[in-house]
Amino acid sequence: MKYLITGITGFAGPNLAKLLLNEGHEVHGVVRATNGRQADLSDILTPFEFAQIDFHYVDLKHFYGVKRLMDEGSFDGVFHLAAQSHPPTSFSDPILTFEENVAASVNLVTAIGDSDTKMMFCSTSEVYGDSCKDKGILRTTDALSPSNPYGVSKAAIDLYMQERMSNGFLRRGFVTRAFSHTGPRRGFNFSISSDAYQIAQMKLGLQEKVLQVGNLETERVVIDVRDCVRAYYLLMENDDSDGKVFNVCGEKMHKMRHFSELLVKSAGYWCRDEDGFLRGAESDEVTMEVNPKYYRPIDIQVQIGDCEDLKNMTGWKPEIKIEKTIDDLLGYWVKKLS
């Protein structure tokens, strides 16, 4: 099969590309600028894998370039991952967020139209906002109530996709709402990876053992990015996914403190628990310090979703233990900073 990935230079994109190549598919990627940024994929891909990808230089905000790519590419499927995906940035720059997430996505949906190309739109659990604390486990039939501009921009295309599919203007497609996921290549401006980045600097002697953190009391279900993109792939390959919306989520919920502590432990350090208990040599202690820069004033207290539709249709379930995800994420940053 011939697949196109938008956002291939981002976080999930390289991990998805690796999976598709290993499954024997032809992989193409959209790159906006000709500055060589696609070389960043070498963080995840081997040189042999990287050499197999065909790159197309297109700004998704320019319709006719997108239309030409779709007409000439004859892709079997498009994984639309490209987005401005950082909620705090969406508060500071909502115009950029809507240009990147709404205008670009409308162009892609329009260009694909009623062709044979199947489109996956990567929505997000942020479209549910903070409703989980009131209603419990979130289902795809629940009303969307985003609590930040990023979530609003994703909800707009989430609903637009559903309308286009329902009315026959997009013949083949589906929507995924991924809940929290992390792993190698996650940006350091995102939670968990921010901790990993700082702890990697501690390991390399570039930072004192003071970990700048945000809100450690919010609760999330976090899975590995490699499990997440495997769900995308299985849904793309399944004809029954057309016209539907799917949550992609794990089952075990933890406070964000849990993931920070796992990273500290993975580095061979220790930190005081919530009761202030000491567990090791003073020289190996990491102190956590709340930094207003990392603390979201408008945050989602808890998020967990129901993804039985995904599991029943594809047999998917998370397979990578969070401890391995944490180890690999820290190893990624140590290697990159070295």
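The first residue in the sequence is number 1, and the count goes up from there.
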Compute both the distance and the angle, then confirm whether R230 meets the cation-pi test with Y233: under 6.0 Å from the six-membered ring centre, within 45 degrees of the axis.
no
Going by heavy atoms in the side chains, are M161 and V109 under 4.5 Å from each other?
yes
Take L16 and L81 through the side-chain contact (heavy atoms from CB on, under 4.5 Å) test and state the conclusion after the steps.
CA-CA 10 Å; L16 176 59; L81 309 182; 4.0 Å; yes
Could you give me the CA-CA distance, side-chain angles and deciding distance for Y57 and Q38, then say whether side chain to side chain donor-acceptor pair (under 3.5 Å) is met?
CA-CA 10 Å; Y57 301 97; Q38 64 267 34; 2.8 Å; yes
Note, M288 side chain near R257 side chain (heavy atom, < 4.5 Å)
yes
Here the pair of heavy atoms bringing I322 nearest to L262 is CG2-CD1, 4.2 Å
If you measure from CG on L263 to CG on L211, what distance do you get to the nearest 0.5 Å?
8.0 Å
Heavy atoms, side chains only, cut-off 4.5 Å: are K154 and F121 in contact?
yes
Heavy-atom distance under 4.5 Å between the side chains of F246 and S241, does that happen here?
yes
List in chain and number order the residues that pass ring-ring contact (aromatic ring centres under 6.0 Å, His included) with F91, two or more places apart in sequence or in another chain; answer none if no residue qualifies.
none
Is the H56 ring parallel, tilted or perpendicular to the H28 ring (thresholds 30°, 60°)?
parallel
Salt bridge D327-K324, side-chain N to carboxylate O under 4.0 Å:
no
Taking side-chain hydrogen bond (donor to acceptor under 3.5 Å, both in side chains) as the definition, give me every residue that meets it alongside E308, ordered by chain and number, with sequence neighbours left out.
none
Looking at K2, I'd like to know if its NZ atom is crowded, meaning that more than 12 non-hydrogen atoms belonging to other residues, nucleotides or ligands lie closer than 6.0 Å.
yes
Are any of the side-chain nitrogens in E217 or K255 under 4.0 Å away from the carboxylate oxygens of its partner?
yes
Filter on salt bridge (charged side-chain N to carboxylate O under 4.0 Å, His left out), then keep only pairs touching residues 70-96, sequence neighbours left out; what's left?
K67-D71
For H254, give me all partners under side-chain hydrogen bond (donor to acceptor under 3.5 Å, both in side chains), at least two apart in sequence or on another chain.
none
If you count the non-hydrogen atoms of other residues, nucleotides and ligands that lie under 6.0 Å from NZ in K317, is the total more than 12?
no
Would you name the heavy atoms of Y150 and P87 that are closest together and state the gap between them?
CD2-CG, 3.9 Å
Under 6.0 Å from the six-membered ring centre of Y269 and within 45° of its axis: does the NZ or CZ of K203 meet both?
yes
Going by the rule ring-ring contact (aromatic ring centres under 6.0 Å, His included), which residues pair with Y332 if we only count those two or more places apart in sequence or in a different chain?
none
Q207 side chain to V210 main-chain N or O, any donor-acceptor pair under 3.5 Å?
yes
Who clusters with F63? Use side-chain heavy atoms, under 4.5 angstrom, across I, L, V, M, F, W and Y, and order the result by chain and number.
Y64
Hey, does the side chain of S194 reach the backbone of S191 with a donor-acceptor pair shorter than 3.5 angstrom?
no
Transitive ILVMFWY cluster of I137, excluding itself - 4.5 Å side-chain cut-off
V221, M253, V302, I304
So, S266 side chain and I326 main chain: donor-acceptor pair closer than 3.5 Å or not?
no
Please step through salt bridge (charged side-chain N to carboxylate O under 4.0 Å, His left out) for the pair E251 and K311, ending with a clear verdict.
CA-CA 12 Å; E251 297 175 346; K311 293 178 179 178; 2.6 Å; yes
Mind listing the closest non-hydrogen atom pair of A267 and I199 along with its distance?
CB-CG2, 3.4 Å
Roughly how far apart are I300 CD1 and R220 CZ, rounded to 0.5 Å?
5.5 Å
For A104, does its backbone N or O pair with a side-chain atom of E99 as donor and acceptor, under 3.5 Å?
no
Minimum side-chain heavy-atom gap K18-R226 below 4.5 Å:
no
Treat each ILVMFWY residue as a node, draw an edge where side-chain heavy atoms are under 4.5 Å apart, and state whether V30 and F55 are in one component.
no
Return yes if some donor-acceptor pair links the side-chain N/O of N291 with the main-chain N/O of K293 below 3.5 Å, else return no.
yes
Under a 3.5 Å distance rule, please check whether N247 uses its side chain to pair with a backbone N or O of L138 as donor and acceptor.
yes
With a cut-off of 6.0 Å (strictly less than), are more than 12 heavy atoms of other residues, nucleotides or ligands near NZ of K61?
yes
Expected list for residues 173-185: side-chain donor-acceptor pairs under 3.5 angstrom, two or more places apart:
{"residue": "R177", "atom": "NE", "partner": "D158", "partner atom": "OD2", "Å": "2.7"}
{"residue": "R177", "atom": "NH1", "partner": "Y128", "partner atom": "OH", "Å": "2.9"}
{"residue": "R177", "atom": "NH1", "partner": "T140", "partner atom": "O", "Å": "3.2"}
{"residue": "R177", "atom": "NH2", "partner": "D158", "partner atom": "OD1", "Å": "3.1"}
{"residue": "R177", "atom": "NH2", "partner": "D158", "partner atom": "OD2", "Å": "3.3"}
{"residue": "H181", "atom": "ND1", "partner": "F179", "partner atom": "O", "Å": "2.8"}
{"residue": "R185", "atom": "NE", "partner": "G10", "partner atom": "O", "Å": "2.8"}
{"residue": "R185", "atom": "NH1", "partner": "D43", "partner atom": "OD2", "Å": "2.9"}
{"residue": "R185", "atom": "NH2", "partner": "T9", "partner atom": "O", "Å": "2.5"}
{"residue": "R185", "atom": "NH2", "partner": "G10", "partner atom": "O", "Å": "3.4"}

Would you indicate whether the side-chain heavy atoms of L310 and V248 approach each other to under 4.5 Å?
yes
Which residues pass the side-chain hydrogen bond (donor to acceptor under 3.5 Å, both in side chains) test with D242, not counting sequence neighbours?
R172
Closest approach of L144 and A155, non-hydrogen atoms and distance?
CD1-CB, 4.0 Å
Between CD1 of I157 and CD of E163, what distance do you get to the nearest 0.5 Å?
11.0 Å
Using modelled atom types only, decide if a donor and an acceptor are shared between the side chain of D299 and the backbone of Q301 within a distance under 3.5 Å.
no
Should we count CG of L206 as having more than 12 external heavy atoms under 6.0 Å?
yes
Of all heavy-atom pairs linking C122 and Y232, the shortest is SG-OH, 3.5 Å
Checking Y3 against F79 for the ring pair (Phe, Tyr, Trp, His ring centres under 6.0 Å) test, could you report, in this order, the C-alpha distance in whole Å, the side-chain angles of both residues, the deciding distance, and whether it holds?
CA-CA 8 Å; Y3 289 126; F79 295 91; 5.4 Å; yes
For a 4.5 angstrom cut-off between non-hydrogen side-chain atoms, does K209 reach E285?
no
Considering residues at least two apart in sequence or located in another chain, which fulfil the side chain to side chain contact (heavy atoms under 4.5 Å, CB included) criterion with Q84?
H86, T89, S90, L96, T97, E100, N101
Answer whether the closest heavy-atom distance between the side chains of R186 and V225 falls below 4.5 Å.
no
Output all residues satisfying ring-ring contact (aromatic ring centres under 6.0 Å, His included) with Y160, sequence neighbours left out; order by chain, then residue number.
none
Quick check: does any side chain N or O of Q198 sit under 3.5 Å from a backbone N or O of Q212, one acting as donor and the other as acceptor?
yes
Would you please name every residue forming a ring-ring contact (aromatic ring centres under 6.0 Å, His included) with F169, sequence neighbours left out?
none
Taking the side chain from D195 and the backbone from I192, do they hold a donor-acceptor pair closer than 3.5 Å?
no
When every non-hydrogen atom of A82 is compared with those of G7, the smallest separation belongs to CB-N, 3.5 Å
Exam field: side chain S147 to backbone G129, donor-acceptor pair closer than 3.5 Å:
no
